[in-house]
Amino acid sequence: MRYACTALNRTLPASAHYVRATLNNVTQGTMQLAQEILSNNSLAALKGVGPKTRDRLARIGIESVQQLLFHLPLRYEDRTQLTPIGQLQPNCHYLFEGTIKAAGIVPGRRRSFTIKLQQDYSTISLRLFHFSAAQTRGLLPGKRLRCFGEIRFGRHSLECFHPEYVILDEDAVDPPLPQALTPVYPSTEGLHQASFRKLLDQVLPQLDTHSIEELIPTEFIANLPNPESTLAMFAQFPLGKTLRILHAPQKSEQALLPICQQRLAFEELLAHHLSLLQVRQRLQQLMAPRLAGNDKLMQRFLTGLGFTLTSAQSRVYEQLRAQLAHQEPMLRLVQGDVGCGKTVVAALAALQAIGSGYQAVLMAPTEILTEQHFRAFSDWFAPLGIRLCMLSGQQTAKQKRDALALIASGEVGFIVGTHAVIQDAVSYDRLGLIIIDEQHRFGVDQRLSLRQKALDSGVCPHQIIMTATPIPRTLAMAAYADLDVSVIDELPPGRTPVQTSVLDNSARARVVERVHKACQQGRQAYWVCTLVEESEAIQSQAAESTAEELRTTLPDVQIGLVHGRMKAAEKAEVMNRFKAGATQLLVATTVIEVGVDVPNASLMIIENAERLGLSQIHQLRGRVGRGSTASHCLLLYQKPLSANGKRRLDTLRNSSDGFYIAEQDLEIRGPGEVLGTRQTGMLQFRIANLERDVELLELVHQTGNAYMRTYPNNVKPLIDRWIGESVYYGNA
Ligand code: ADP
Ligand code: MG
């Protein structure tokens, strides 16, 4: 997240809410002032921007008037009318008024200052969990309040937590209602919504008359391939007018908001795309080493492998091999469903780098996966005389020191690790290839840090990013200007598809019995405890108590437990025992989601399946079905299950196609979650919305190069306007 959205529910100083100069009554003098402000672009010219506010604005990327103008509202609140308390509905925001009937502190787990507010015969409870003595003294029975907030169901009546409010003066006329919708801005700690309004009120008045620089000329829009669509309407929305409407829409302008948003979304997507193209161009000017490899080494590796590559693996490896041998730096996404065998393909690429005298590094998202990769690569590489080492956050100081020395001296050719591989202390010796496993678990910044490490070692590296979570096309288009993609679309032979069943929790006893039977028959099982959005600590606790419960119910089954709060060595020990068959049932949190490979495990139970993403369940499920016995996955859910929830779980029952599942997931949950939370930083648009603006995105991709050629001087200002200089994401 680039900025946290806070301050929305804070109680603002009472006077601040309705102090908002309407555009109509701005005097001529203010107008002139505003023009100056706009042309000199410095925040210092605005009233009310002291050093503290300036710091806070800078924190969310606002350092100039232009940046303030392009800091766009997240949503709008309608405070143009009052709603009677009797007509309030839960889960919506309202402006309402009433008289305080009672007020007092209600003790309990969540101690609150609670106010009963009445209007006619209807009441609502206002609850403040953070409150000052001044508030308890001032909010007395008999006072009238005007409030704004979200209504929710309470235990006894409707409630509103932390409404914004003003105390209405008995002796004066009530303040007028605003004419305009109230914008809500993304903000940061200590920066109130009112601050944005105060600043913008000094800038907006001139936008209708005095336009701000158009970086996308009208003739460019007119010549776009699809002029009859929305785009044609863009001509009627010069930038100044568009910004004015978005920041301060009159109620009557509400219908114009979508077109204004799209007008700017187009600009933003174009800016974003141009920045990716630029990064790409810059990258192409750098020269990566030609990694021709060593045929003998390859041959020995393939012979020792114990299986032959699937044709999909061979094809993808050929693509990698050809590109690695060129000096243009490779950036290739290798997609393939869980279990398709990406690791061995990565090993072949690594071997090619090592055989050419360069180091290769593999970054994996978890300790468990790192351990597992280290073991697999040791088995593969040690017989070939290739030294390798591991880096992880939980190594002892000595282990770490030794590894760092081996890496810096170039004695090891292959390094595998968690994000420990990008620590400051690591310095590589000719790092020619970077491989990132399960890339959706990493942020773009982490990938770029690793690349920087290679540059520090004097080499522009080739990069492979691997994922089992397919990125739908729109997301890929937005995230990468021009990324090469290889797909491993075939599973190794001898796998039997996983049969998935969906069961509600009342079947739990039967499920336990089934686990029992499988274990008695010499098979192994996973029991995955999931709690969405809870901390790792709480997840781990849940796994601990489930393990305890199962140990009591199934005394004759050897049960292991693995979760994120255990030490790396403990985790490794538990995994090793499970892998060796010493434990039959492994109770785990989602730490086993990625990569864990134990072919004898053929049964998986996933609790609270209704609360997980489809792709995540698909990943988890991929831990079974790796051997030749028929495998089963039981998805347990908590009743009641919504129709949508049912449809989602059915998708999993009926399909084992990761791409299809990811698309369904995208439809249901939106892009951020599909790409993984860590990665959403790269797709945080101010106003564009990937689902809504697919067409604009296509258009931007078709015309980006033409724009760059025709208006080369506009490129930098456009990127600066939307992205700023500090953000260097993209496919570098
Ligand atoms: P993923 O693509 O999910 O990372 P892995 O690389 O972990 O999959 O491979 C899953 C399992 O399949 C591993 O045990 C691996 O050794 C095995 N495997 C990979 N390729 C083949 C193949 N061509 N034939 C047989 N088994 C294979
Ligand atoms: Mg893998």
Side-chain angles (χ1 to χ4, degrees), residues 298 301-318 320 332-351 362-381 383 416-418 435-442 464-471 485-498 524 526 575-576 578-581 590-602 604 615-629 631 633 656-659 661-662 676:
M298 289 304 186
F301 174 79
L302 288 171
T303 321
L305 206 50
F307 54 75
T308 40
L309 298 182
T310 63
S311 58
Q313 284 171 319
S314 307
R315 187 188 68 241
V316 170
Y317 169 54
E318 280 309 319
L320 294 173
R332 189 173 276 274
L333 178 69
V334 173
Q335 287 188 346
D337 217 338
V338 271
C340 71
K342 294 181 286 295
T343 318
V344 70
V345 174
L348 282 160
L351 209 50
L362 171 64
M363 179 159 76
T366 64
E367 304 269 349
I368 290 182
L369 192 51
T370 300
E371 285 270 346
Q372 181 181 295
H373 281 327
F374 182 66
R375 247 174 290 127
F377 279 84
S378 300
D379 289 349
W380 286 331
F381 285 179
V416 56
T418 57
I435 304 165
I436 298 188
D437 195 14
E438 308 293 349
Q439 63 97 31
H440 63 288
R441 290 296 204 89
F442 290 103
I464 298 173
I465 55 190
M466 304 200 291
T467 183
T469 304
I471 305 181
V485 181
S486 296
V487 182
I488 304 180
D489 51 6
E490 183 185 354
L491 293 181
R495 301 267 170 87
T496 30
V498 183
Q524 287 172 286
Y526 296 97
M575 291 309 294
N576 285 339
F578 187 62
K579 205 156 191 170
T590 47
V591 294
I592 60 146
E593 175 189 342
V594 286
V596 170
D597 186 37
V598 180
N600 189 46
S602 62
M604 170 167 285
S615 288
Q616 194 182 8
I617 298 179
H618 182 63
Q619 282 265 355
L620 281 167
R621 177 171 68 174
R623 305 303 119 224
V624 293
R626 299 190 155 223
S628 50
T629 26
S631 291
C633 175
S656 56
D657 177 347
F659 275 84
I661 290 169

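One-based numbering, in listed order, for ligands and for the atoms of each. Every heavy atom of this structure was used, including side-chain atoms; hydrogens, water molecules and symmetry mates were not. Numbers for residues simply follow the sequence, beginning at 1.
- Ligand 1 does not have Val345 within reach: every non-hydrogen atom of the residue lies 4.0 Å or more from it.
- For the pair Cys340 and ligand 1, a heavy-atom separation below 4.0 Å is found.
- With hydrogens and angles disregarded, a donor-acceptor distance shorter than 3.5 Å links the side chain of Ser631 to the backbone of Gly625.
- The distance from ligand 1 to the heavy atoms of Val338 drops below 4.0 Å at these ligand atoms: 3 (O).
- Annotation: Gln313 places an N or O atom under 3.5 Å from an N or O atom of ligand 1; distance criterion only.
- Under 4.0 Å is where a charged nitrogen must lie from a carboxylate oxygen, and between Lys342 and Asp337 no such pair does.
- Listed by number with element, the atoms of ligand 1 under 4.0 angstrom from any heavy atom of Thr308 are 22 (C), 23 (N), 24 (N).
- Glu490 contributes a side-chain N or O that, together with a main-chain N or O of Ala312, makes up a donor-acceptor pair within less than 3.5 Å.
- Rounded to the nearest 0.5 Å, atoms CG (Leu491) and OG (Ser656) are 8.0 Å apart.
- Among the atoms of Leu309, none of the N or O lies under 3.5 angstrom from an N or O of ligand 1.
- Separating the CD1 atom in Ile436 from the CE atom in Met466 is a distance of 10.0 Å, to the nearest 0.5 Å.
- Short contacts between ligand 1 and Thr310, defined as distances under 4.0 Å to a heavy atom of the residue, involve ligand atoms 23 (N).
- Thr310 and Gln313 share a side-chain donor-acceptor pair at under 3.5 Å.
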